[in-house]
J.: 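Please read through the structure below; I'll follow up with questions.
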Amino acid sequence: MRMDSTGLSLSLILSALMLLDRRSNTEAGFVRSLESCKMIGTMAFCQGEKLDRVPANLPVRTEELLLNENIIRAINNGSFSMYKSLHTLNLSGNQIEVIESGAFGYNGNLEDLNLKNNRIDLTYSETHLALRTLSALTRLDLSENRLNEDMTSYIVQNLTTMEYLSLAKNFIMRLEPSTLEGLVHLQELNLEYNHIYEIESGTFEGLGRLTRLNLAHNHIPCIVDFSLYQVKTLNISHNAVELFLAREIEIEFQLETLDLSHNKLLFFPLLPKCNKLKSLLLADNEMSFYSDLMNDSSTEVQFIQIVGNVTNITTVNLWDEVISVSLPELEVLDMSRNSFRYLPQGFLRGMTALSTLQLNQNCLQTFSLMEDEPLLFLQLMDLSQNRLANLNVSVNRMEKLNHFNISFNELQSVPSDLFTKMPQVATVDLSHNNVSICAYPFKHEKRTLNGGCVGLANIKSLKHLYLASCGLETVPANAFVGTPLTHLDLSSNTGIRLETSTFQDVSESLQFLFLSNNGLTSKQLDVGLRVAFRHLSSLDLSENVLTSLHPVLKTLPLKWLDLRKNQLSTLRQDVLRSLLHNLEGILLSGNAFDCCQLSWWTSLTNAKSLIILDISKVTCNSSVRLVDLHRISHFTKIHCRFDNTVLKYLLLLLPTLVFIITVSVMVFLSLNSKLLPKYVKARCKMGTEY
Ligand SMILES: *[C@@H]1O[C@H](CO)[C@@H](O)[C@H](O)[C@H]1NC(C)=O
Ligand SMILES: *[C@@H]1O[C@H](CO)[C@@H](O)[C@H](O)[C@H]1NC(C)=O
Ligand SMILES: *[C@@H]1O[C@H](CO)[C@@H](O)[C@H](O)[C@H]1NC(C)=O
Ligand SMILES: *[C@@H]1O[C@H](CO)[C@@H](O)[C@H](O)[C@H]1NC(C)=O
Ligand SMILES: *[C@@H]1O[C@H](CO)[C@@H](O)[C@H](O)[C@H]1NC(C)=O
Ligand SMILES: *[C@@H]1O[C@H](CO)[C@@H](O)[C@H](O)[C@H]1NC(C)=O
Ligand SMILES: *[C@@H]1O[C@H](CO)[C@@H](O)[C@H](O)[C@H]1NC(C)=O
Ligand SMILES: *[C@@H]1O[C@H](CO)[C@@H](O)[C@H](O)[C@H]1NC(C)=O
């Protein structure tokens, strides 16, 4: 009983303590929630503090209030009445369902209101009334509020001061002129990630100042009669647009950036006649030119427009239209990942300011640049992943071209003077073609034009050269003379013969050398790398058949070395020691190292400034299974050493030992044959005693 009562009082005291504790906790919590806002000047930071109401004790002079990521459900009439100086208010990521109509009655200075990711859809009409009182509002974010077009229309109509409006990630399906009525000052409108499939003509007509319109990630099926001549940036990417037709008027369109990528365009868009387009992004469509299929080189398309009960048939000759459009200010043209088989002659003629031309991942079978298509400002040309068997470049000079990618084609040769026409070319990617490299001086210069080699000597600007998977058998003498390469990729030219002369001409400049997957043996490395490389810092020797680190590697000032997927069983300590002077990173996985010769591993893991980039994948072969090297413990090592040394010697000595023992036993027996009976007797005697 006694015990029980003490127990009881103890538990009483305990629970009282706990109660106290809890109370002091909630009190602390309350105080914190009031003080949870940090003030810096007139900015109050109250993000992510689990606040369920607007704090009432902030300085009245607060101008910027960040209340995002809290759990506020309602904004009441009095909520912000004391913060009359407020000009920026962030309420995003709360659970706001109600904004009472008088909520901002005292916030006439509020310019920037963020209501992103709330539930404004539940009481949108009251929200509209509250917003109407904000006579200085210029920026409003209503994204992620589950608003449909009717709610949207109701909330934003007549908010005449607004300059920026985001309605992204809502449930808007169609737009009509009344939806955005009265937003006369709107400059930027974001409608991305809605479900818009229809935009009635005239919808944006009242928005005379609109310059940026984002309609990305909707379901718009086509744009006909495009007439937003005030808009500078239009993003319609990630829709279902099959056709883009601008209205044929002589008014100058202000459009500078048009993003139509990731759509279903079948034809090159019909752009406004007078335009200032700088960036035309058409990647990831299904475009092609079709006039080669027609005998009269025209592509007539009829558009049937049905408005009410009136049917209007318009005939457009897409071919003529494309050619007649000039794009004098166009700088970026991205037509990658389409279905182009060819570009019409003269297509690039009007694009005199072009600096980036992306035609990669099409089906181009021919590509030519005529003399009347000078492309004086072209810096980047990507023709990779097409079906080009040759290039026809009769243009004189491409003065500014810096980056030229023609990898993954079917080239057999390139015009031997091609790169001399590109005095600034720094990067050339010829990988995955079937080209060979010309010796220098070019022997049969006339023949090489179509006879199958690429001249790479004396290109003074060339730094990065990619020749992976070109079926190269050899690099002829002096091939790179006068070309100061820093990066050279010769990977996947299986069986390529490296000569002492191969890298001779680039030994001063070369910094990165890729020799992966070339079937290289240690001996061939010895021949190829026996050059005084001055700056070679990165060497990729992965996927070859190296069985040991050749001493030639000692001479290289390498910082990065890739030795993955070879047949190395150990790394020579002397070579390693030299390498470790400079080495910063190494890759080693995919080799079957010998688990019993791991002293090199200890040296590597002990080297402080070295990173073994694939350390978790390096394995050794314990002849039974592959062991993860970084998990190997001391015990295993000792065990392994025992196995191999003591046991090996024992096994080696075993026959000799057996022999010696046998011989000595025989000798012993023959010498003391008389002892035997005695011995037996003695044993027997002893045995009988038991
Ligand atoms: C909030 O204020 C508005 C106008 O100032 C008023 O009409 C409304 O009744 C008020 N709401 C509440 C709940 O007091
Ligand atoms: C917007 O203004 C127009 C004209 O002033 C008016 O007819 C319309 O009712 C207003 N809309 C809303 C939602 O207030
Ligand atoms: C268009 O919108 C998409 C999706 O938001 C975006 O990835 C792309 O960068 C935009 N394009 C431009 C030109 O800003
Ligand atoms: C083009 O002309 C050839 C003969 O010259 C004819 O066989 C073919 O049908 C014509 N194709 C079209 C699309 O008119
Ligand atoms: C077609 O429209 C006209 C005027 O809009 C109307 O008078 C006529 O009745 C309509 N016809 C039909 C068949 O709906
Ligand atoms: C038919 O389309 C043409 C070209 O867009 C236009 O000029 C004409 O007014 C349209 N007619 C009708 C009846 O809509
Ligand atoms: C060239 O294009 C290919 C394929 O489009 C790409 O993988 C490669 O990285 C590009 N080369 C360079 C140097 O950018
Ligand atoms: C590991 O060693 C055993 C015996 O030496 C050999 O049969 C086996 O092929 C080796 N495994 C690998 C992955 O090299």
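Whatever order the structure lists ligands and atoms in, that order sets their numbers, starting from 1.
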J.: Can you sort out which atoms of ligand 3 are near E192, meaning under 4.0 Å from one of its heavy atoms?
T.: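 Going through ligand 3 atom by atom, the ones under 4.0 Å from E192 are 4 (C), 5 (O).
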J.: Check ligand 1 against the protein and report each N/O to N/O distance under 3.5 Å, formatted as atom name, atom name, distance.
T.:
residue: ligand 1; atom: 2 (O); partner: N77; partner atom: OD1; Å: 3.1
residue: ligand 1; atom: 2 (O); partner: N77; partner atom: ND2; Å: 2.4
residue: ligand 1; atom: 11 (N); partner: N77; partner atom: ND2; Å: 2.8
residue: ligand 1; atom: 14 (O); partner: N77; partner atom: ND2; Å: 3.2

J.: Within the structure, does N235 bring an N/O atom to less than 3.5 angstrom of an N/O atom in ligand 3?
T.: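 Indeed, backbone or side chain, N235 has an N or O that close.
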J.: Is it the side chain, the backbone, both or neither of N405 that has a heavy atom closer than 4.0 Å to ligand 7?
T.: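 Side chain only.
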J.: Using 4.0 Å as the upper bound for N to carboxylate O, is an ion pair formed by K116 and D141?
T.: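 No, this pair does not count.
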J.: Does the Lys NZ or Arg CZ of K400 fall within the cation-pi geometry relative to F377 - under 6.0 Å from the ring centre and within 45° of the axis?
T.: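 No, cation not above the ring by the 6.0 Å, 45° rule.
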J.: So which bit of Q385 gets within less than 4.0 Å of ligand 7, heavy atoms only: side chain, backbone, both or neither?
T.: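 Within the 4.0 Å criterion, Q385 contacts ligand 7 through side-chain atoms alone.
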J.: Give the numbers and elements of all ligand 3 atoms closer than 4.0 Å to a heavy atom of L281.
T.: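 Atoms satisfying the 4.0 Å criterion: 13 (C).
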J.: Using a strict 4.0 Å threshold on nitrogen-to-oxygen distance, state whether R73 and E97 make a salt bridge.
T.: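 Looking at R73 and E97, the cut-off is met.
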J.: Is it true that a side-chain atom of T483 and a backbone atom of I459 form a donor plus acceptor pair closer than 3.5 Å?
T.: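 Judged by distance alone, yes, a pair lies under 3.5 Å.
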J.: Show me which atoms of ligand 3 lie under 4.0 Å from any heavy atom of D259.
T.: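 It comes down to these atoms of ligand 3: 1 (C), 8 (C), 10 (C), 11 (N), 12 (C), 13 (C).
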J.: Taking the six-membered ring of F171, is NZ or CZ of R146 closer than 6.0 Å to its centre and within 45° of its axis?
T.: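 Not satisfied by the 6.0 Å and 45° rule.
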J.: So if I count the atoms of ligand 3 from 1 in the order they appear, which ones are less than 4.0 Å from some heavy atom of S237?
T.: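 Heavy-atom distances to S237 below 4.0 Å select 1 (C), 2 (O), 3 (C).
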J.: Between F512 and H487, does a ring pair (Phe, Tyr, Trp, His ring centres under 6.0 Å) hold up when you go through it step by step?
T.: CA-CA 5 Å; F512 294 81; H487 289 60; 4.2 Å; yes
J.: When the ring centroid of F408 is compared with that of H432, is the distance short of 6.0 Å?
T.: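 Yes, they do, as the ring centres are separated by less than 6.0 Å.
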J.: Are side-chain heavy atoms of L281 and L260 found at a separation under 4.5 Å?
T.: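 Contact flag for L281/L260 side chains = no.
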J.: Do F347 and F268 make the cut of ring centroids closer than 6.0 angstrom?
T.: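 Yes, the ring of F347 comes within the 6.0 Å limit of the ring of F268, centre to centre.
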J.: Determine whether any heavy atom of H403 lies closer than 4.0 Å to an atom of ligand 7.
T.: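 Heavy atoms of H403 do come under 4.0 Å of ligand 7.
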J.: At a 4.0 Å threshold, what atoms of ligand 3 neighbour a non-hydrogen atom of H217?
T.: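 Ligand 3 atoms under the 4.0 Å threshold to H217: 4 (C).
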J.: Donor-acceptor check, side chain of N194 to backbone of I196, threshold 3.5 angstrom: yes or no?
T.: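 Between the backbone of I196 and the side chain of N194 there is no qualifying donor-acceptor contact (under 3.5 Å).
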J.: Look at E329 together with K278 and state whether they make a salt bridge at an N to O cut-off of under 4.0 Å.
T.: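 K278 and E329: salt-bridged.
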J.: What part of H238, side chain from CB on, backbone N/CA/C/O, both or neither, has a heavy atom under 4.0 Å from ligand 3?
T.: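 Neither part.
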J.: Assess whether ring pair (Phe, Tyr, Trp, His ring centres under 6.0 Å) is satisfied between Y106 and F80, documenting all intermediate values.
T.: CA-CA 7 Å; Y106 297 88; F80 294 106; over 10 Å; no
J.: Is the shortest N/O to N/O distance between D382 and ligand 7 below 3.5 Å?
T.: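 The answer is no, given that D382 and ligand 7 share no N or O pair closer than 3.5 Å.
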J.: Using a 4.0 Å heavy-atom threshold (strictly under), name the region of T233 that reaches ligand 3: side chain, backbone, both or neither.
T.: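 Contact part for T233 vs ligand 3: neither.
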J.: Purely on distance, is any nitrogen or oxygen of Q361 under 3.5 Å from one on ligand 7?
T.: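 N/O-N/O distance below 3.5 Å does not exist for this pair.
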